[in-house]
Every structure is written in C-alpha cells, then in structure tokens.
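Any value given below was found using the heavy atoms of this structure, including those in side chains, with hydrogens, waters and symmetry copies removed. Residues: numbered from 1 along the sequence shown.
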Amino acid sequence: AMSEQDPKWRTVLYDVTLSFEGHSVAVVETRTSKERPGQLDVYLEGNTSWKEIEEFIQQKKELGTEFRLSISPIWFPRHISELDRFANKVLECGRELKSDHPGFTDQNYRERRRIFADIAINHKHGQLIPIVEYTDIEINTWGVVFAELNKLYPTHACKEHNAVFPLLVKDCGYSKDHIPQLQTVSDFMKALSGFQLRPVAGLLSPRDFLAGLAFRVFHSTQYIRHHSKPLYTPEPDVCHELLGHVPMLCDPNFAQFSQEIGLASLGAPDEYIQKLSHLYWFTIEFGLCKQDGEVRAYGASLLSSFGELQYCLTSIPKVEPLGPFKAAVKEYPITEYQPFYFLAESFTDAKEKISLFSKTIPRPVLIRYNEISESIEDAPCV
C-alpha cells in the first residue's frame, strides 16, 4: 500500500514492476485501499522466490512508512468472473492429442477437437455457451454409451442420480439420439442446485479446476470420445460430464459437498492441493455410498463407465469407510479399474468429513462464499 498523495508513488510502482522483470510478475491492479483510506493497494501476480521478495522489501525500506508491501503467497479468484483468467490454461488434450489417443491419426476428429477447443478458449463469464451441431458419428457414439449405461443405472447408480435422470430426459433432451447442449443443461442444473457449466478445452490443473467448484462452476468438456472406442476414453468428454457429473451436481446436498472441496482449495499450499485432488478422485469421481442397506455408485467416473460401474460393486475391489485423511494421501491408478474405493455413509457425512479435513489446511485467510454476489469473502486468520 502507498499514499495517494505521495508524489513518489508512480515512481515506486514503476520500481516495483521493474524489480521483478524476468520473474513473470506483473502489476495486476491498483485500487483505493478500503482498510487504509487515502492509500493505494497495488496487486502483483506472478512467480518469484521468497528470498527475492525479502531482498526487495529490505532494499525499499528507505521509501518510508508510506510504502508497505503485503505478500499473499497464493493467488485465488475472489469473484466468479476471475475464472476467466485460467479457464483456457489446459494441461493437455484440447487442440492437441497424445500419440496413443484413439483419434490421433484421424484428421477429421482432430479438426472437431480444434473447433471445440476454440469455443472453450474464447468463452467468457456471462456469455451463453455456443450451440454445437454434433455430427452423426458423434451422436452415434453418444448413443452407444447412453444405451449401455441406462441398463445399469437402476441397479448400480445412487438414488440421487436416478431421481434426476428422468428430468434430464424430459427437460434437457437427454436421449440415445441427441447430445444435450451445455447451456440447456447448465440452466437446468443452476435452477436445482446453483451449479452451472462452463466449457473447457481439456484438463485444467487441480488448483484451477477445484477453484471453479468453489464458485459452483463445473468446467465441462464439450467434445466426445473417438468413435472407434465408444466405451473408452483417455480423458473426460461430454459423455463423462453429462452422464456422470451433471446428474449428481443437480442434487443440492451433493452440490454442497462438491463446493466444500472447492472452497477448501482456495489459498491452500501446493501439497494440500494434491491432497484435495486425491479426495476429489476418491469421492466425486470414484465414490461409493450406502443407501437402503446396499452399496451404490455416486462417482462420475463410475457412472460414465459401463465396465467399471459393474466392476465396482463386485467383490473384487477393496472397499472401506471414507476417511478423508487416508484418502488424501492414497495413490491410485489412472489407466485401469480402481483396486480400492471409499464408501460414504451419506453426502452429508462426506461433506462434514471434508470440512473437518479443510480445517487442517494452513491458509492466511478464512474463506466464505457469498452466493448473492458470487464472490469470496475472506478475513485474516488469527
């Protein structure tokens, strides 16, 4: 912070920026300070070392008390619109495919993926998600997945999934012969639970993806798996999102559970982001729950996989009660069926356990979501 009346403030601001040149640090914003009237807050963002920051502070002490540098080690979005700043920073897939991807040598498929990636990359908060005209090949691929999974849902999916699925058929056009549009589904979901969809070109980093959940935003792919392997996909696709995640996110209790993980991630150190991503994996993606004396699937990766949805309820994998501290550090395979699942007593029980875990995360601020302004309110931890 620095005084608005101090004639040196423009020089200081320039000096701050110049000192961090070469370290991917930039002045993001300057604004009148709410806590210190008559002064300016200057927000920096980027990557540099703590040693360099400490040296900078030491060197600038001669500027006097009118200049103070406050460091927040981990930036996170404060308003839903700030998701724009990282929503197009995908780690992999998107426009490019790995050499072992089923569609790697299919130029038509690669062109379709480019189109979907461009839609997601150009999308901004507040805009409607563009309507996509899916090809006959894409609709046929969806139809195979849709038909096979619908055979299993009555006996394998949790009651929350089965309760909302007929409504998705009725109100969003879910059918074997039609791939629903993301905007239609997003509007429907928001009316039920407050969650909404945002298109994404591929996989986001765990920190960025979880941050979206904090604002009740689910980053959803819009492309579909390659038609040569309709019952297999090496990455999330529209079948996974619309058949696995969306029905569950329509349930208010499950939506709150998902948001709890997202809120826990804001401002968390990197090692805790990894732990939260493991928790997400063993719950939101591959979670099992007890219902009416039976075990049912609620994880999206199970609900969108014809093979693993059957496998997870057999006696082959090991299953034990959900323990967040154990799940947070447990390793897992990503290219084969899971050998291990965690069983939740209920979504409320799972949410309480996640909340208990989140209290162990060292953060400089306390986090609260304001659903009216769609923003994060924080206060210093004392």
Side-chain angles (χ1 to χ4, degrees), residues 45-47 71-91 125 193-198 200 202-220 236 241 245 248-249 253-287 299-301 322-332 334 342 344 347 350-371 373-381:
E45 179 183 290
N47 297 313
I71 305 298
S72 177
I74 300 173
W75 177 89
F76 59 86
R78 257 69 175 194
H79 186 266
I80 190 171
S81 63
E82 293 179 354
L83 299 182
D84 286 349
R85 293 168 64 172
F86 58 73
N88 61 358
K89 296 179 181 178
V90 296
L91 297 178
H125 170 69
S193 69
F195 255 81
Q196 59 187 298
L197 299 178
R198 176 178 179 135
V200 69
L203 292 173
L204 294 172
S205 72
R207 182 181 294 280
D208 290 346
F209 179 80
L210 294 176
L213 297 181
F215 292 88
R216 298 179 183 173
V217 172
F218 185 84
H219 287 86
S220 172
E241 321 287 31
H245 282 293
M248 296 306 305
L249 287 171
N253 286 331
F254 185 84
Q256 289 179 2
F257 168 43
S258 300
Q259 185 182 23
E260 191 72 32
I261 296 179
L263 290 170
S265 76
L266 299 181
D270 289 344
E271 61 269 26
Y272 281 89
I273 293 297
Q274 182 178 15
K275 292 179 179 180
L276 287 168
S277 69
H278 282 221
L279 274 175
Y280 182 90
W281 180 272
F282 284 113
T283 55
I284 308 300
E285 292 291 351
F286 288 95
S301 288
L322 175 61
F325 293 92
K326 182 174 182 178
V329 296
K330 188 169 183 62
E331 297 300 323
Y332 52 81
I334 59 175
F342 283 101
F347 297 143
K351 183 177 68 172
E352 291 174 352
K353 288 180 176 178
I354 296 298
S355 179
L356 180 65
F357 177 84
S358 69
K359 292 178 181 178
T360 68
I361 300 175
R363 290 187 293 190
V365 293
L366 299 174
I367 300 296
R368 188 178 77 88
Y369 178 68
N370 185 322
E371 62 183 273
S373 62
E374 296 183 307
S375 62
I376 297 297
E377 299 173 350
D378 56 67
C381 293

Output the distance between atom CD1 (I273) and atom CD1 (I74), rounded to the nearest 0.5 Å. 7.0 Å
Taking atom NE2 of H219 and atom CG of N88, what is their separation to the nearest 0.5 Å? 9.5 Å
Closest approach of S375 and H79, non-hydrogen atoms and distance? CB-CD2, 4.0 Å
Criterion side chain to side chain contact (heavy atoms under 4.5 Å, CB included) on L213 and I284, from CA distance to verdict: CA-CA 11 Å; L213 297 181; I284 308 300; 5.8 Å; no
Under-4.0 Å salt bridge between D84 and R198: yes
Would you call the rings of H245 and F218 parallel, tilted or perpendicular, taking 30° and 60° as the class edges? tilted
Classify the angle between the aromatic ring planes of F209 and Y280 as parallel (below 30°), tilted (30 to 60°) or perpendicular (above 60°). perpendicular
Could you check whether the rings of F347 and F254 sit parallel, tilted or perpendicular, using 30° and 60° as the cut-offs? perpendicular
Expected output: side-chain S355 to main-chain E352 donor-acceptor under 3.5 Å: no
Between I361 and L276, is there a side-chain heavy-atom distance shorter than 4.5 Å? yes
Show me the donor-acceptor pairs, under 3.5 Å and distance only, between side chains in residues 262-272 and residues at least two apart or in other chains.
unit_1, atom_1, unit_2, atom_2, d
S265, OG, G262, O, 2.6
D270, OD1, R207, NH2, 2.7

Do the side chains of E241 and P236 get nearer than 4.5 Å, heavy atoms only? yes
May I have the step-by-step check of side chain to side chain contact (heavy atoms under 4.5 Å, CB included) for W75 and R85, ending in yes or no? CA-CA 11 Å; W75 177 89; R85 293 168 64 172; 3.3 Å; yes
Provide the closest heavy-atom pair for A327 versus L279 in the form atom of the first, atom of the second, distance. CB-CD2, 3.7 Å
With side chain to side chain contact (heavy atoms under 4.5 Å, CB included) as the criterion, how do K89 and S205 come out once you've worked through the C-alpha distance, each side chain's angles and the decisive distance to 0.1 Å? CA-CA 8 Å; K89 296 179 181 178; S205 72; over 6 Å; no
Which distance, rounded to the nearest 0.5 Å, do you find between the OG of S277 and the CD of E285? 11.0 Å
Nearest 0.5 angstrom please: I354 CD1 to F257 CZ, how far? 5.0 Å
Has the side chain of Q259 got a donor or acceptor atom that lies under 3.5 Å from a matching backbone atom of A214? yes
If you compare all heavy atoms of V329 against all heavy atoms of H278, which two are closest, and at what distance to 0.1 Å? C-ND1, 4.1 Å
Specify the closest pair of heavy atoms between E374 and Y369, including all atoms of both residues, with the distance to one decimal. CA-OH, 3.5 Å
For P77 and I376, the nearest pair of non-hydrogen atoms, with its separation, is O-CG1, 3.8 Å
Could you tell me whether the side chain of H125 reaches within less than 4.5 Å of the side chain of I80, counting heavy atoms only? yes
Mark yes or no for whether K353, through its side chain, and L322, through its backbone, hold a donor-acceptor pair below 3.5 Å. yes
Heavy atoms of R78 and E82 approach each other most closely as N-OE1, 2.7 Å
Residue pair K326, F342: steps toward the side chain to side chain contact (heavy atoms under 4.5 Å, CB included) verdict: CA-CA 10 Å; K326 182 174 182 178; F342 283 101; 4.1 Å; yes
